[in-house]
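To keep things clear, I will list the structure first and then write my remarks on it.
Residue numbers begin at 1 in each chain, while the letters A, B, ... track the order of the sequences.
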Amino acid sequence: MQKITISDLGKYVGQEISLQGWLYNKRSGGKIKFLVLRDGTGYLQCVYFKGNVTEDIFETADRIGQETSIEVTGKVKAEPRAPGGYELDATGLKVISEAHDYPITPKDHGIEFLMDHRHLWLRSSRQVAILKIRHRIVKAIRDFFDGNGFTLMDAPILTPNAVEGTSTLFETPYFDLGKAYLTQSGQLYGEAGAMALGKIYTFGPTFRAEKSKTRRHLTEFWMIEPEVAFNDLNDNMDLAEEFLEYVVQTVLKEMEEELKVLERDTTKLKNVKKPLPRITYDEAVGILKKSGSQFEYGNDFGGGDETIISEQFDRPVMVHRYPAAVKAFYMKRDPGNENLALAVDVLAPEGYGEIIGGSQREDDLNKLLERIKEHNLPQEAFEWYLDLRRYGSVPHSGFGLGLERTVGWICGLEHVRETIPFPRMIYRNTP
RNA sequence: UCCGCGAUAGCUCAAUGGUGGAGCAUCCGGCUGUUAACCGGAGGGUUGCAGGUUCGAGUCCUGCUCGCGGAGCCA
């Protein structure tokens, strides 16, 4: 039997059809019942008149509670008053599994209650819209790289050492080898991949054990990290802006309905087109000083600083050439100023902060050895990484995009916890 | 780890130190066009936990637990 979904209803106007789904909401008059059906593709009001259906069906329509799984039968009618454009003149109603006392009613709830019921909260229209946009963003990301000659290369999740020290990583016992750590970045492995394949991207979960307690942080999140051989910092910024434009414009074009459900004002998203403004760290500090900030030259930007900087522009801004002291050991220094790293962060507008962090990597073996010593990192753990500089080293660059921050920004959400089906935060790992 | 705010019915919230209420949800009744439907009625409480002050504590004080927001760190 062919299954019909609510999203397909336009093809069946005037026909008698059956649909399976869940009871989303219910309203009634004395001799009329309105059952709102949801099936994951949309919402449909099914109208039961007392005279048109059996006594048994009318009683069932009256009795069943929110989220009862049902199969409805009836004639599809175009209905301008309906949000989806269609309505069902219902004749049949089959209960698949009856539900009562569903905890999430169509009224206000607090965040703790909703998070405790995250497995059910996912069914509500807002969450469905977010999950669909998240999926479309993921697909756009993969389409972009796949269509530009990149190879997807998965990096390991269990790793023997930290990229920048071990203090912020989750650790786990690992047989006779001592401890393993959950990855905080696939980048070093991505660099090995770029030397093999030229252009690669990794796409996987990453973990941070930092006790970060803000709207921008999760302990488990997804990151996309392209790495390209022979790309310098400027090439890297070219890639980042083309990539962001593609992702945002694709979502704007294809997810209009979902963005409307979220009541997202898309004015600023429409501006996300290349070229994106590029400013140096020094220029960014100038902006902060001019705004009256107490910011001290040489520090990394905090959340508030990022907001002040990004407010100066009508689209994401790329800030490059940070003080090397606040950046990772593997970043190449600016030949024009050894104190600066060839790093770039992309700051999203509207206070969403850093969504991309990247750099040109140090490709000189001896300089990299120096950095490892300076950072007190165990050289033996990085021997394989140093091999990449011993055998045919080339200039190369890449960046990491935080998926949840990107979803939060595009959807206009208050907090990244709504951007992932089951968020992991310092005080929550359930459901 | 630090700073700030909070915890009262299933949910969202009220309640001057003096008999703990409302809306929604649930149950009963009414309504043939509702769309967070509406109207009438009913049931529903160890006020987060443990102490203290007081004639009397949801309310004031102390400690704890949990949550929320922010800082630091970062995507």
> Counting side-chain heavy atoms from CB outward, which of B:A71, B:G69, B:G33 is closest to A:Thr214?
Replying inline: B:A71
> Choosing from B:U12, B:G33, B:G69, which nucleotide comes nearest the side chain of A:Lys213?
Replying inline: B:G69
> Hey, would you say the A:Phe329 and A:Phe382 ring centroids sit under 6.0 Å apart?
Replying inline: yes
> Between B:C73, B:G67, B:U26, which nucleotide gets closest to the side-chain atoms of A:Arg216?
Replying inline: B:C73
>> Heavy atoms only, 4.0 Å cut-off, all strands: where does A:Pro106 land among base, sugar-phosphate and nothing?
In response: base
> Base, sugar-phosphate, or nothing: which does A:Ser28 touch, judged by heavy atoms less than 4.0 Å apart?
Replying inline: base
>> Under 4.0 Å, heavy atoms only, any strand: does A:Arg81 hit a base, just the sugar-phosphate, or nothing?
In response: base
> Of the nucleotides B:G33, B:G67, B:A75, which one has an atom closest to the side chain of A:Glu354?
Replying inline: B:A75
>> Just the rounded figure in Å: distance from P of B:G6 to CD1 of A:Ile111.
In response: 19 Å
> Which base sits across from B:C13 as a Watson-Crick or G-U pair, both distances under 3.5 Å?
Replying inline: B:G21
> Of all the choices, B:A75, B:U12, B:G67, which nucleotide is nearest to the side chain of A:Arg208 once you look at every atom?
Replying inline: B:A75
>> Using a heavy-atom cut-off of 4.0 Å across all strands, would you classify A:Glu112 as base, sugar-phosphate, or nothing?
In response: sugar-phosphate
>> Can you tell me whether the side chain of A:Arg405 and the base of B:C74 have a donor-acceptor pair closer than 3.5 Å?
In response: yes
> Using purine N1 to pyrimidine N3 plus N6-O4 or O6-N4 for Watson-Crick, or N1-O2 and O6-N3 for G-U wobble, each under 3.5 Å, what pairs with B:C68?
Replying inline: B:G4
> Quick one: on RNA chain B, does A:Glu210 or A:Gly110 contact a more 5' nucleotide (nearest heavy atom)?
Replying inline: A:Gly110
>> If you only use heavy atoms from C-beta on, which nucleotide in B:G70, B:C73, B:U34 is closest to the side chain of A:His217?
In response: B:C73
>> So A:Arg63, base contact, sugar-phosphate only, or nothing? Heavy-atom distance under 4.0 Å.
In response: nothing
>> Counting the atoms with a prime plus P, OP1 and OP2 as sugar-phosphate, which does A:Tyr102 contact under 4.0 Å by heavy atoms, base, sugar-phosphate, or nothing?
In response: nothing
> Taking a pair as Watson-Crick or G-U wobble with both distances under 3.5 Å, which nucleotide is matched to B:G40?
Replying inline: B:C28
> Any donor-acceptor pair under 3.5 Å joining the side chain of A:His109 to the base of B:C11?
Replying inline: no
>> Taking the P atom in each of B:C73 and B:G52, what is the distance between them to the nearest angstrom?
In response: 45 Å
> What nucleic acid atoms does A:Gly29 come within less than 4.0 Å of, heavy atoms only: base, sugar-phosphate, or nothing?
Replying inline: base
>> Is a donor from one side chain sitting under 3.5 angstrom from an acceptor on the other, for A:Thr73 and A:Glu16?
In response: no
> So does A:Glu87 reach the base of B:G33 with its side chain, donor to acceptor, closer than 3.5 Å?
Replying inline: yes
> Which part of the nucleic acid, if any, lies within reach of A:Asn25 when heavy atoms closer than 4.0 Å are counted: base, sugar-phosphate only, or nothing?
Replying inline: sugar-phosphate
> Going by the angle between their ring planes, with limits at 30° and 60°, are A:Phe243 and A:Phe399 parallel, tilted or perpendicular?
Replying inline: tilted
> Where the side chain of A:Ser212 is concerned, which of B:G72, B:C68, B:A75 is the nearest nucleotide?
Replying inline: B:G72
